[in-house]
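These notes are about the structure you will find just below.
A note on names: the letters A, B, ... follow the listed sequences, proteins ahead of strands, and every chain is numbered from 1.
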There are 2 protein chains.
Amino acid sequence: MQLNKQFRQFGHKMTAGRETTIDVLSETDEHLSAEDIYIKVHSVNPKIGLTTVYRTLELLINMGLVSKFDFGDGRARYELAEGIKGATHHHHLVCTGCGRIIDYSEFVDEEKTFFKRIERELSRKYDFRITNHLVQFYGLCKKCEEA
Amino acid sequence: MQLNKQFRQFGHKMTAGRETTIDVLSETDEHLSAEDIYIKVHSVNPKIGLTTVYRTLELLINMGLVSKFDFGDGRARYELAEGIKGATHHHHLVCTGCGRIIDYSEFVDEEKTFFKRIERELSRKYDFRITNHLVQFYGLCKKCEEA
DNA sequence: GTTACTGCAAAGCTTTTGCACTGTC
DNA sequence: GACAGTGCAAAAGCTTTGCAGTAAC
C-alpha cells in the first residue's frame, strides 16, 4: 500500500497495528470510538492492544489521515479523513435521543463556498489562520421523535 | 429575579447554589469549565460544592438556559444560552495552539439564513427534526501562528 | 412535614503515561 | 543494532453516583 511510503516520509514505521487500524477505518461506514476500533482490530490481530490503537489514532490524526469527532456522548469518534482511500466529505446529523449519526453530503459544496467567504473575513478581522471547520446539526431522528 | 418562577414551573426549587451559578455565568464573557464555575461560585459561597455545580449545569441545560460546548481539550465549557440575561448569539474560533476561544457574531444572521434553508431540506430528506446546530472554526491565533 | 437538593467520598469512564520488551528498517 | 513501537498495568482527569444530612416550599 502507498500509505506505507507516507509513514516513512513522516519518519514512522509501518506496523501491523497501524495497518490493521487503517484497514478497519477503511472498511466501515460507522462512526467508531477508540474502543470500537480496538475490538475490530483485536479480532483481526489479538496481539494489538487498546493503547496502540489510541497511539495510532493520534498519529494518524497528526498525519492528516484521520479526523476526530465529538458527538457529545463522552467518547471521541474517528473517521478516515476526506480523500483518504476514497472517503468523501460529509457532515453529520446527531440524534440527541439515541445518539444515532446520519451522514449527509448534499450541501457540502454550498457550505464550502459559504464558509470560504466567512473564513476569509474572520481571518482578517481576528488575525486568525483558519485551518478547519466543524458543522453539526442536532435534533431527533424519526424513531425518537415518535417516541 | 424571574428565573425563580421558571424554576418552579419546571418543578424545581430555587436554591443558593443555582442562583450563584447563574450569576457567575451571567457576569462572565469567558468560556468557563465546570471547575472554573465551581471556583467562582465557591468563592462567593463556600458551602457550595463541585457536585452541585455539575448537577445545576445539567439542570440548566435541560431547561434551555445554558449551552454546553466542547472545544476539544477534554473538558466541557458552559455559557448562558442565547437570550438569557441578554446573552447574544455567537459562534467560536478555537485556537488549536493555545486553546484560546474567540467569539464572533458578525455573520450569525447570514449563517442563520443559510442554515435555515439547509435544515429545512435535511429535515425533510432524512426525517430528522433539527433543533440546533453547531459551527466552530479551528486554526491558529496570531500569537501561535508567529511562534 | 415532604420532597427535592446538597456535600462528601467513592466510583466510573475514557484517555494517557511509565517502563521494560519487541519489532522494523 | 539502533530506535521507534508496543503491551500491560497503573495513573490521570473529568464527570457521575450513593447516601445520609439539609433546606426549600
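Side-chain heavy atoms closer than 4.5 Å link hydrophobic residues (I, L, V, M, F, W, Y) into clusters, and following such links, possibly through other members, connects A/Leu65 to A/Leu80. In terms of hydrophobic clustering, with Ile, Leu, Val, Met, Phe, Trp and Tyr side chains grouped at heavy-atom distances under 4.5 Å, A/Tyr104 and A/Tyr138 are assigned to different clusters.
Contact check on A/Lys112 versus A/Glu82 returns a salt bridge, with a Lys/Arg side-chain nitrogen under 4.0 Å from an Asp/Glu carboxylate oxygen. With respect to B/Lys85 and B/Glu79, no salt bridge is recorded, no charged nitrogen being found less than 4.0 Å from a carboxylate O. The residues A/Glu35 and A/Arg75 are annotated as not salt-bridged, no charged nitrogen and carboxylate oxygen being separated by less than 4.0 angstrom.
The aromatic ring centres of A/Tyr54 and A/Tyr38 sit 6.0 Å or more apart.
Side-chain contact annotation: A/Asp23 with A/Ser26, donor-acceptor N/O pair under 3.5 Å absent.
Nearest-nucleotide positions on DNA chain D for B/Lys47 and A/Gly11 put A/Gly11 closer to the 5' end.
Between the C1' atom of D/dC14 and the CG atom of B/Leu57 lies a distance of 13 Å, rounded to the nearest Å. Taking atom CG of B/Asn4 as the reference point, atom P of C/dC5 lies 13 Å away to the nearest angstrom. Taking atom NZ of residue A/Lys5 and atom C1' of nucleotide C/dT24, one finds them 19 Å apart after rounding to whole Å. Following rounding to the nearest Å, B/Phe10 (CZ) and D/dC25 (C1') show an atom-to-atom distance of 19 Å. Here the P atom of nucleotide C/dT14 and the CD1 atom of A/Ile37 are 14 Å apart, to the nearest Å. Rounded to whole angstrom, the span from the CD atom of B/Glu35 across to the C1' atom of D/dA12 amounts to 13 Å. The CD-P distance, from A/Glu19 to C/dG23, rounds to 16 Å in whole Å. Between B/Leu50 atom CG and C/dC5 atom P the separation is 18 Å, expressed in whole Å.
In terms of phosphate contacts, B/Tyr54 brings a side-chain nitrogen or oxygen within less than 4.0 Å of OP1 or OP2 of D/dT15. The shortest distance between the side-chain N/O atoms of B/Arg18 and the OP1/OP2 oxygens of D/dA24 is not below 4.0 Å. Considering only side-chain N and O atoms, A/Thr15 lies under 4.0 angstrom from the phosphate OP1 or OP2 of D/dT6. Listed pair A/Arg8 / C/dT24 fails the phosphate criterion, with no side-chain N or O lying under 4.0 Å from OP1 or OP2. Between A/His12 and D/dA4 there is no side-chain N or O to OP1 or OP2 distance below 4.0 Å.
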Any N/O pairs under 3.5 Å between the protein and nucleotides 17-20 of chain D? List them or say none.
none

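When all heavy atoms of A/Phe7 and A/Ile22 are compared, the pair lying nearest together is CE1-CD1, 3.8 Å.
Heavy-atom distances under 4.0 Å link DNA chain D to B/Gly74, B/Arg75, B/Ala76 of residues 72-81 of chain B, given in residue order.
Side-chain atoms of B/Ser43 come within 3.5 Å of backbone atoms of B/Lys40 as a donor-acceptor pair (strictly under, hydrogens ignored).
Classified by interplanar angle (parallel below 30°, tilted 30° to 60°, perpendicular above 60°), the ring pair B/His133/B/His91 is perpendicular.
Interface remark: the B/Lys13 side chain does form a donor-acceptor pair with the C/dT3 base, using a distance-only criterion of under 3.5 Å.
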